[in-house]
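These numbers come from the heavy atoms of this one structure, side chains and all, not from hydrogens, waters or symmetry mates. Start at 1 with the first residue, then count along the sequence.
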Amino acid sequence: MAKLREPGRSRLPELLEQNHLTARELSIKLDVTESHISQIINGKKFFSYPLAAKASQLLRCTMEDLHYWD
C-alpha cells in the first residue's frame, strides 16, 4: 500500500506576494483568523481540504502548490 506524503514547508508567503495579498487579506477572504494563516505558514497547522480548495482558487494555483512536497 502506498504511503501518503506529508506536506512540507508552506508556499503561502511566495503565493501571497505573487498575488499581491497579505496574510490578513487572505484570512478575511477565507473567513479564518490571521493567526490561523500564520500557523499554516509556520507549519503548525495544515489547510483542511475545503480551505485548501478555496485558498488555491484565490491564489490561482493548485491545492498541491500550497506546500512544498518532499
Side-chain angles (χ1 to χ4, degrees):
M1 187 155 126
K3 182 181 175 190
L4 294 176
R5 292 185 302 159
E6 289 291 322
R9 187 170 49 90
S10 173
R11 291 190 61 224
L12 274 183
E14 67 190 77
L15 292 168
L16 288 169
E17 186 177 326
Q18 287 173 9
N19 288 278
H20 308 289
L21 285 172
T22 64
R24 178 169 171 70
E25 291 168 330
L26 181 64
S27 71
I28 291 167
K29 291 175 186 280
L30 293 178
D31 196 27
V32 298
T33 65
E34 190 174 356
S35 173
H36 188 86
I37 297 299
S38 177
Q39 290 176 328
I40 291 170
I41 289 171
N42 292 314
K44 293 183 165 92
K45 286 188 177 184
F46 296 112
F47 278 115
S48 65
Y49 187 87
L51 272 182
K54 191 170 180 181
S56 66
Q57 287 180 330
L58 291 168
L59 297 170
R60 299 181 190 112
C61 65
T62 66
M63 290 193 303
E64 291 82 10
D65 289 338
L66 295 173
H67 292 276
Y68 288 102
W69 295 87
D70 299 327

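- Apart from L66 itself, the hydrophobic cluster it occupies contains L12, L15, L16, L21, L26, L30, V32, I37, I40, I41, F47, L51, L58, L59, where clustering links Ile, Leu, Val, Met, Phe, Trp and Tyr at side-chain heavy-atom distances under 4.5 Å.
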Please assess H67 against R9 for the test side chain to side chain contact (heavy atoms under 4.5 Å, CB included), listing each intermediate value before the final yes or no.
-> CA-CA 6 Å; H67 292 276; R9 187 170 49 90; over 6 Å; no

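- Distance alone, capped at 3.5 Å, places no donor-acceptor pair between the K29 side chain and the A55 backbone.
- Summarising the geometry, atom NZ belonging to K45 is positioned 7.0 Å from atom OG belonging to S35; distances are rounded to the nearest 0.5 Å.
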Please step through side-chain hydrogen bond (donor to acceptor under 3.5 Å, both in side chains) for the pair Q39 and K44, ending with a clear verdict.
-> CA-CA 5 Å; Q39 290 176 328; K44 293 183 165 92; over 6 Å; no

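- Every residue was checked against the salt bridge (Lys or Arg N to Asp or Glu O under 4.0 Å) condition with E64, not counting sequence neighbours, and none meets it.
- The main-chain N or O of T22 is found under 3.5 Å from a side-chain atom of E25 such that the two form a donor-acceptor pair.
- Under a 3.5 Å cut-off, the side chain of R11 and the backbone N or O of D65 do form a donor-acceptor pair.
- For E34, the side chain to side chain contact (heavy atoms under 4.5 Å, CB included) partners are R24, S27, not counting sequence neighbours.
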